[in-house]
**Student:** 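Could you have a look at this structure, given as structure tokens, before my questions?
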There are 2 protein chains.
Amino acid sequence: MGGRQRLPLEQALLGFLIQRPMHGYDLHRRVQEELGEVWYMGLSNVYGTLKRLEEEGRVESALSPQESRPPRKIYRITPTGERSFLEWLHRPVPAIRDMRVEFPAKLYFFRALGLEGVGELISAQEAACRERLERLERKSSRHGPRDFNRLVFDFRCCQIEAILGWLRVCREQFVGGEP
Amino acid sequence: MGGRQRLPLEQALLGFLIQRPMHGYDLHRRVQEELGEVWYMGLSNVYGTLKRLEEEGRVESALSPQESRPPRKIYRITPTGERSFLEWLHRPVPAIRDMRVEFPAKLYFFRALGLEGVGELISAQEAACRERLERLERKSSRHGPRDFNRLVFDFRCCQIEAILGWLRVCREQFVGGEP
DNA sequence: ATCTGTTATTCACAAAGTGAGTATTCACAC
DNA sequence: GTGTGAATACTCACTTTGTGAATAACAGAT
């Protein structure tokens, strides 16, 4: 099955391109340095994603010839791309499983770009988590203790509760701290 | 990439077959009833897995003709299959992400089969989680606060801490309670 | 008449990303 | 001198796990 979008990869690339135009190879190196320990991304994947982004009009490219080396293809983010990135950035992640990498990536870009509004993002994410938590608690309560489904629901509940705690720490760190 | 095994599906089927021989259609219905709200499993997937299990000698089948309906193929677990299932059952899950479904499945089967040794499983799982937690804490500490990698490591740490709490609840519920 | 359930099987397809292969030229090591 | 690796770009076959539809054949319900 799917359902999962490869949103975060696209958005991460846009997030770097918003800082300055770059070519694919460079982009890949930057991503490796900044996010790489936790978020591996193959070179071919970067090139493929850039191609798609260009077809969608979210980035545009220009060739910059070099003596001796293959010409660089410098990618620049378009206004459309910038809008799409900022929209993504301020929107809480839709699924709990995206909290692990995609949400921290948002926090990272808020800081890297010096943007305002982290507090709102965190609040919205908290609200989304709390809603999910309530729904799961309701589902859980329909099963007896030690029932398999209940175990899984309770497991997920405890994970979300921990996330809510972690989000409070994030707020302390990201809202109104030193830059 | 993968790395993920489809272990749990195989083992779940074995776990039901250890209770009594069944045909695929029936097995599918049972799984749906018992685990289905949380763990969806297509019919074709069940048949495919049974076929593989048979090739590997972990189950064997016998046809049981019916008037009018297609003949049932009754699967029975073999000693090899039983050994493989029990081994799996007592082994803690190797990755944290398997805690969500695979581990509760183990608890479920301990109870459904009336087996001893849940306490040991839970202890081993706690130990595995604690080890993972320490490794992650060490990795986390190599990054400054608000660094992306650190955020993700800390996130994972908080998830594992919550799991350790959840495991304590599991122990209370599953060890030495009424059957 | 048609649909749904029983029972079994097969297969094309999906998604997402990896890794290898292809190109080219320079720099550096041995 | 020759090989290796870095810089730069691109393509593509393949992996994995599983879904959903198609196919078959017949019973009983509506």
Side-chain angles (χ1 to χ4, degrees), chain A residues 1-13 17 21-33 35-36 38-55 59-75 95 97-98 100-102, chain B residues 1-13 17 21-33 35-36 38-55 59-75 95 97-98 100-102:
Chain A
M1 247 281 269
R4 286 302 290 102
Q5 272 90 250
R6 60 313 198 228
L7 268 186
L9 173 50
E10 298 183 354
Q11 304 296 354
L13 295 185
L17 287 179
M22 269 184 270
H23 56 277
Y25 194 84
D26 201 11
L27 210 33
H28 179 247
R29 201 177 334 112
R30 292 270 293 139
V31 170
Q32 292 269 268
E33 285 165 10
L35 321 173
V38 143
W39 186 357
Y40 177 80
M41 185 179 311
L43 184 54
S44 61
N45 197 5
V46 171
Y47 283 121
T49 304
L50 282 171
K51 194 180 174 184
R52 198 171 349 107
L53 285 172
E54 186 165 27
E55 283 163 9
V59 302
E60 53 195 18
S61 65
L63 286 182
S64 148
Q66 304 179 103
E67 11 39 281
S68 78
R69 236 70 65 93
R72 290 171 164 167
K73 199 163 171 183
I74 309 282
Y75 286 94
R97 81 166 82 70
D98 302 319
R100 201 183 70 177
V101 172
E102 189 173 337
Chain B
M1 247 285 268
R4 285 299 292 104
Q5 272 88 250
R6 61 308 197 233
L7 270 185
L9 173 50
E10 298 183 354
Q11 303 296 353
L13 295 185
L17 287 179
M22 270 184 269
H23 55 277
Y25 194 83
D26 201 9
L27 210 33
H28 179 249
R29 201 180 330 115
R30 291 270 292 140
V31 171
Q32 291 270 265
E33 285 164 9
L35 320 173
V38 143
W39 187 358
Y40 177 80
M41 185 181 311
L43 184 54
S44 60
N45 197 4
V46 170
Y47 283 121
T49 304
L50 283 171
K51 194 179 173 185
R52 196 167 357 105
L53 285 172
E54 186 165 29
E55 283 162 10
V59 302
E60 52 195 19
S61 66
L63 286 181
S64 148
Q66 303 179 104
E67 13 33 283
S68 78
R69 234 74 61 93
R72 290 172 166 167
K73 200 163 171 185
I74 309 284
Y75 286 94
R97 81 166 80 73
D98 302 320
R100 201 183 71 179
V101 172
E102 189 173 337

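These values consider heavy atoms only, across backbone and side chains, with no hydrogens, waters or symmetry-generated copies. In what follows, chains carry the letters A, B, and so on, assigned in the order in which the sequence lines appear, proteins first and then strands, with residues in each chain numbered from 1. This is a predicted model, so every value here is computed, not measured.
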**Student:** In whole Å, what is the span from the NE2 atom of B/H28 to the P atom of C/dT7?
**Tutor:**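 Rounded to the whole Å, the gap is 13 Å.
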**Student:** Near DNA chain C, which residues from residues 41-48 of chain A have a heavy atom under 4.0 Å away?
**Tutor:**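 Under 4.0 Å from DNA chain C: A/M41, A/G42, A/S44, A/N45.
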**Student:** Would you say B/H23's side chain and B/P71's backbone share a donor-acceptor pair under 3.5 angstrom?
**Tutor:** no
**Student:** Please report the distance, rounded to the nearest Å, between OH in B/Y75 and C1' in C/dA8.
**Tutor:** 9 Å
**Student:** Send over the distance from A/K51 NZ to D/dC12 P, rounded to a whole Å.
**Tutor:**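 Interatomic distance, NZ of A/K51 to P of D/dC12: 8 Å.
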**Student:** Grab the CG-P distance between A/L13 and C/dG17 for me, whole Å please.
**Tutor:** 11 Å
**Student:** How many whole angstroms separate atom CG of B/L53 from atom P of C/dA8?
**Tutor:** 15 Å
**Student:** In this structure, how many angstroms lie between the P atom of D/dG18 and the CG atom of B/L50, rounded?
**Tutor:**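 In whole Å, D/dG18 P lies 14 Å from B/L50 CG.
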**Student:** In Å and rounded to the nearest 0.5 Å, what is the CG to CD distance from B/L13 to B/Q11?
**Tutor:** 9.0 Å
**Student:** Find out whether B/R100 and A/R97 are in side-chain contact, i.e. whether some heavy atom of one side chain is under 4.5 Å from a heavy atom of the other.
**Tutor:** no
**Student:** Could you state the CD-P distance from B/Q32 to C/dT7, rounded to the nearest angstrom?
**Tutor:** 15 Å
**Student:** Roughly, in whole Å, what's the span from CG in A/L9 to P in C/dA15?
**Tutor:** 16 Å
**Student:** How does DNA chain C look in dot-bracket form if you count Watson-Crick and G-U pairs under 3.5 Å, write [ ] for pairs that cross, and put | where a base pairs with another strand?
**Tutor:** ||||||||||||||||||||||||||||||
**Student:** If you restrict it to nitrogen or oxygen atoms, what contacts under 3.5 Å exist between nucleotides 1-6 of chain C and the protein, and what is each distance?
**Tutor:**
unit_1	atom_1	unit_2	atom_2	d
C/dT6	OP2	B/Y25	OH	3.0
C/dT6	O4'	B/R69	NH1	3.3

